[in-house]
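One is the number of the first residue; the rest follow in order along the sequence. All of these numbers come straight from a predicted model, not from anything done at the bench.
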Amino acid sequence: MTTTAPPLAGRAPREGRGLRIGFWIAIVLVGLLLAALTAVVQRSGGPERDPLDPTSATASGSKALVRVLEQRGTDVRVVDTADRIDADGGTVFVDDSQGALDPAVARRLGREAAHVVLVSTTPAVLDAFGLDVEPVAQVDGDDTAATGTCAIPAAADARRVTTTGFAFQVPDGGRAPSGTDLCAPTGSGDDRGYGLVRTDTPAGDVTLVGTTSVFRNDTITTAGNAALALGLLGDGDALTWYTTTPGAPDAAPTLGTLAPSWVPSALALLGLVAVAAGIWRGRRLGPLVVERMPVVVRAAETTEGRARLSARTRDRTHALDTLRIAAVRRTARRLGLPRSAHVDEVVRAAAHATGRSDTDVGAVLVGGPTPDDRALVAGAAALDDLERAVHAATTGDQQTDHDRRGARP
């Protein structure tokens with residue numbers, strides 16, 4: 001009689017392969033979905049990510065301030081290059097929130113513009129304008145600071161402004177240089193910083209504004225923010241709103257702009273080579289075949305392996321210590337001691353049960369270094385004798401193995 005294999009046996013590998021392919025297809029689809037969602041979120045949140053945008057009506061934009069300035073008769077010009085700035089055209093508001101301004105352009109503005117209002121935390125830009133301060137902390141929350149005694153007229157008229165933004169202080173905790181005014185303090189002690197800093201420039205003055213909440217649509221009406229913003233930017237008949245972004249003509253050079261033109265193509269080629277190498281080295285020659293085979297591991301294999309290792313390294317002390325540890329555990333269990341019992345307790349209990357001294361039992365169970373093979377054999381024999389004595393003491397049988405072998409019925 002002949003038998004045939006069940007129909008499902010031949011299809012099992014194919015079904016398993018199909019499941020694996022379906023799993024990876026699902027992973028790819030999920031990745032594409034997450035990428036699409038990320039792109040949508042970034043696109044929808046684009047205006048919100050541009051702080052102090054003079055054309056944005058979002059919470060972080062500054063369109064409300066621009067509208068009020070225009071209603072008050074100030075001609076507001078929004079530019080993105082320094083060449084379009086009219087040095088004689090009143091106040092210049094430099095928005096370097098993204099840290100992209102080239103320090104050379106900053107030095108040029110300090111020499112040409114009479115009144116500069118600066119928003120930046122880049123040390124090189126601050127140094128280019130002659131501002132001997134450094135950013136120390138980002139200030140959050142709705143706290144306000146009194147500015148009624150400030151030497152900056154616009155801040156003094158505002159009397160109190162919110163401190164949200166960045167705080168600055170003189171490096172190394174020193175005093176402000178002559179001609180530099182610090183206003184809108186936050187913190188205390190070594191953490192004390194200031195949200196407004198004004199200093200002289202070759203062409204006039206520059207006011208560094210860390211309390212950027214005074215320009216935002218959502219906080220301009222809080223405390224005296226509007227008075228400060230209008231006082232700083234609306235003091236003249238014209239205002240140039242200069243915004244720098246990465247990649248603009250006036251932006252500071254980056255690694256991408258300094259690199260030769262062939263670098264992007266070379267990087268793309270290297271990426272393709274890496275992908276091709278991964279596909280080549282990770283190719284599958286076919287589905288994996290699971291071979292069922294019995295594996296028999298003897299219980300004594302680990303012990304034999306450790307014994308061979310000890311013999312190869314001639315570590316007699318470690319070999320005897322292994323036997324001693326096992327003997328201590330068996331002796332403690334034979335004497336009814338808990339597993340947490342200390343070796344000293346086991347020694348005392350074994351000595352009491354066998355009638356030996358603590359010193360003799362301790363020399364057997366603990367001992368010391370094993371210099372040669374004779375000492376190793378003697379130590380192992382002593383452990384056997386002690387365990388037989390404990391066994392005899394706990395069972396009440398005083399006969400030896402020799403007596404048992406020589407007994408007659």
K.L.:
With a 4.5 Å limit on heavy-atom distance, are the side chains of Val206 and Arg198 in contact?
P.N.:
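No, every pair of side-chain atoms sits at 4.5 Å or beyond.
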K.L.:
Tabulate below the donor-acceptor pairs under 3.5 Å that side-chain atoms of residues 360-373 make, not counting sequence neighbours, or state none.
P.N.:
residue : atom : partner : partner atom : Å
Asp360  : OD2  : Ser357  : OG           : 3.0
Asp372  : OD1  : Arg374  : N            : 3.4
Asp372  : OD1  : Ala375  : N            : 2.8
Asp373  : OD1  : Arg316  : NE           : 2.6

K.L.:
Where do Thr201 and Phe129 come nearest, in terms of heavy atoms and distance?
P.N.:
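Minimum heavy-atom separation between Thr201 and Phe129: CG2-O, 3.8 Å.
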K.L.:
Test of understanding: with side chain to side chain contact (heavy atoms under 4.5 Å, CB included), list the residues that count as partners of Ala326, not counting sequence neighbours.
P.N.:
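Ala326: side chain to side chain contact (heavy atoms under 4.5 Å, CB included) contacts with Arg330.
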K.L.:
How long is the straight-line distance from OG1 of Thr186 back to CD of Gln169, given to the nearest 0.5 Å?
P.N.:
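Separation between the atoms: 9.5 Å.
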K.L.:
Taking all non-hydrogen atoms of both residues, which atom of Thr212 and which atom of Gly165 are closest, and how far apart?
P.N.:
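What the structure gives for the nearest pair is OG1-CA, 3.9 Å.
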K.L.:
Could you state the interatomic distance from CG (Asp80) to OG1 (Thr243), rounded to the nearest 0.5 Å?
P.N.:
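Asp80 atom CG to Thr243 atom OG1 measures 8.0 Å (nearest 0.5 Å).
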K.L.:
Cut-off 3.5 Å, side chains only: do Thr313 and Asp315 have a donor facing an acceptor?
P.N.:
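No, because no side-chain N or O of Thr313 sits under 3.5 Å from a partner of the opposite role on Asp315.
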K.L.:
Can you check whether Val197 reaches Asp181 side chain to side chain, under 4.5 Å on heavy atoms?
P.N.:
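No - every pair of side-chain heavy atoms lies 4.5 Å or more apart.
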K.L.:
Among all residues two or more places apart in sequence or in another chain, which pass the side chain to side chain contact (heavy atoms under 4.5 Å, CB included) test with Asp191?
P.N.:
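Side chain to side chain contact (heavy atoms under 4.5 Å, CB included) check on Asp191 returns nothing, list empty.
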K.L.:
With a 4.5 Å cut-off on side-chain heavy atoms, are Leu232 and Thr91 touching?
P.N.:
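Side-chain contact under 4.5 Å: no.
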K.L.:
So how far is it from Thr121 OG1 to Gln98 CD, rounded to the nearest 0.5 Å?
P.N.:
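Result: 11.5 Å between the selected atoms.
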K.L.:
Return yes if some donor-acceptor pair links the side-chain N/O of Arg77 with the main-chain N/O of Arg84 below 3.5 Å, else return no.
P.N.:
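Checked: pair present.
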K.L.:
Using every non-hydrogen atom in the two residues, find where Ala113 and Ala203 come nearest and quote the distance to one decimal.
P.N.:
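Closest pair (atom of Ala113, atom of Ala203, distance): O-CB, 3.3 Å.
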K.L.:
Would Asp235 and His115 count as a side chain to side chain donor-acceptor pair (under 3.5 Å) here? Give the steps.
P.N.:
CA-CA 10 Å; Asp235 191 29; His115 302 287; 5.5 Å; no
K.L.:
Quiz question: by atom type and distance under 3.5 Å, do the side chains of Thr81 and Asp83 form a donor-acceptor pair?
P.N.:
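Their side chains do not contain a donor-acceptor pair, so the 3.5 Å distance test is not met.
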K.L.:
Has Ser56 got a side-chain atom pairing as donor or acceptor with Asp53's backbone, closer than 3.5 angstrom?
P.N.:
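Not confirmed, Ser56 side chain does not pair with Asp53 backbone.
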K.L.:
Check whether Ser62 reaches the backbone of Phe215 with its side chain - one donor and one acceptor, N or O, closer than 3.5 Å.
P.N.:
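Here the side-chain-to-backbone pair exists.
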K.L.:
Any idea which heavy atoms bring Thr211 and Ala184 closest together, and the distance?
P.N.:
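Scanning both residues, the minimum pair turns out to be CG2-CB, 4.3 Å.
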K.L.:
Could you give me the CA-CA distance, side-chain angles and deciding distance for Leu230 and Leu69, then say whether side-chain contact (heavy atoms from CB on, under 4.5 Å) is met?
P.N.:
CA-CA 7 Å; Leu230 294 175; Leu69 289 171; 3.5 Å; yes
K.L.:
Under the rule for side chain to side chain contact (heavy atoms under 4.5 Å, CB included), what residues qualify as partners of Thr122, not counting sequence neighbours?
P.N.:
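By the side chain to side chain contact (heavy atoms under 4.5 Å, CB included) rule, Thr122 matches Asp96, Ser120, Ala124, Val125.
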K.L.:
For the pair Leu233 and Leu65, evaluate side-chain contact (heavy atoms from CB on, under 4.5 Å) and give the outcome as yes or no after the intermediate values.
P.N.:
CA-CA 9 Å; Leu233 304 182; Leu65 174 60; 3.7 Å; yes
K.L.:
Using a strict threshold of under 4.0 Å (side-chain N to carboxylate O), is an ion pair present between Arg107 and Asp127?
P.N.:
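Not counted as a salt bridge, because no side-chain N and carboxylate O are separated by less than 4.0 Å.
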K.L.:
List for me each residue that meets side chain to side chain contact (heavy atoms under 4.5 Å, CB included) alongside Arg348, sequence neighbours excluded, and say none if there are none.
P.N.:
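Residues passing side chain to side chain contact (heavy atoms under 4.5 Å, CB included) with Arg348: Asp344, Glu345, Asp358.
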K.L.:
For Glu70, is there any backbone N or O sitting under 3.5 Å from a side-chain donor or acceptor partner on Thr74?
P.N.:
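Answer holds: no.
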K.L.:
Between Trp241 and Val66, is any pair of side-chain heavy atoms under 4.5 Å apart?
P.N.:
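Side-chain contact under 4.5 Å: yes.
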K.L.:
If you look at every heavy atom in Asp385 and Arg356, which pair is closest and at what distance?
P.N.:
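Of all heavy-atom pairs spanning Asp385 and Arg356, the closest is O-NH2, 4.1 Å.
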K.L.:
Are any of the side-chain heavy atoms of Phe168 and Val136 separated by less than 4.5 Å?
P.N.:
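Heavy-atom side-chain distance check fails, nothing below 4.5 Å.
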K.L.:
Main chain of Gly187, side chain of Arg192: is a donor-acceptor contact present, judged purely on distance under 3.5 Å?
P.N.:
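Indeed, once roles are kept as given, a pair shorter than 3.5 Å links the two residues.
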K.L.:
Using 0.5 Å steps for rounding, measure from the OG1 atom of Thr222 to the CG atom of Asp142.
P.N.:
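Answer rounded to 0.5 Å: 7.5 Å.
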K.L.:
Give, for atom CG of Leu196 and atom CG of Leu208, the distance between the pair rounded to the nearest 0.5 Å.
P.N.:
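Answer rounded to 0.5 Å: 8.0 Å.
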K.L.:
Considering only heavy atoms from C-beta outward, does the side chain of Leu131 approach that of Leu118 to under 4.5 Å?
P.N.:
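Leu131 reaches Leu118 side chain to side chain.
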K.L.:
Calculate, to the nearest 0.5 Å, the distance between atoms OG1 and CG belonging to Thr331 and Leu337 respectively.
P.N.:
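Here the rounded value is 9.5 Å.
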K.L.:
Please test Tyr242 against Leu109 for side-chain contact (heavy atoms from CB on, under 4.5 Å), starting from the C-alpha separation and ending with a verdict.
P.N.:
CA-CA 11 Å; Tyr242 173 47; Leu109 294 176; 4.1 Å; yes
K.L.:
Tell me which donor-acceptor pairs under 3.5 Å the side chains of residues 149-162 have, and how far apart each pair is, sequence neighbours excluded?
P.N.:
residue : atom : partner : partner atom : Å
Arg160  : NH1  : Thr144  : OG1          : 3.1
Thr162  : OG1  : Ser213  : OG           : 2.5
Thr162  : OG1  : Asn225  : OD1          : 3.3
Thr162  : OG1  : Asn225  : ND2          : 2.9

K.L.:
When you compare the side chain of Thr164 with that of Val139, does any pair of heavy atoms fall below 4.5 Å?
P.N.:
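Answer no - side chains too far apart.
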K.L.:
Please name the pair of heavy atoms, one in Pro202 and one in Gly110, separated by the smallest distance, quoted to 0.1 Å.
P.N.:
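Minimum heavy-atom contact is CD-O, 3.5 Å.
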K.L.:
side-chain contact (heavy atoms from CB on, under 4.5 Å), that's the test. Do Arg216 and Thr219 meet it? Break it down for me.
P.N.:
CA-CA 6 Å; Arg216 291 169 54 106; Thr219 53; 3.5 Å; yes
K.L.:
Taking Asp143's backbone N and O only, do any of them form a donor-acceptor pair with Thr163's side chain (distance below 3.5 Å, no angle check)?
P.N.:
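Answer holds: yes.
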K.L.:
Do Leu383 and Leu320 have side chains that get closer than 4.5 Å, going by heavy atoms?
P.N.:
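Answer yes - side chains close enough.
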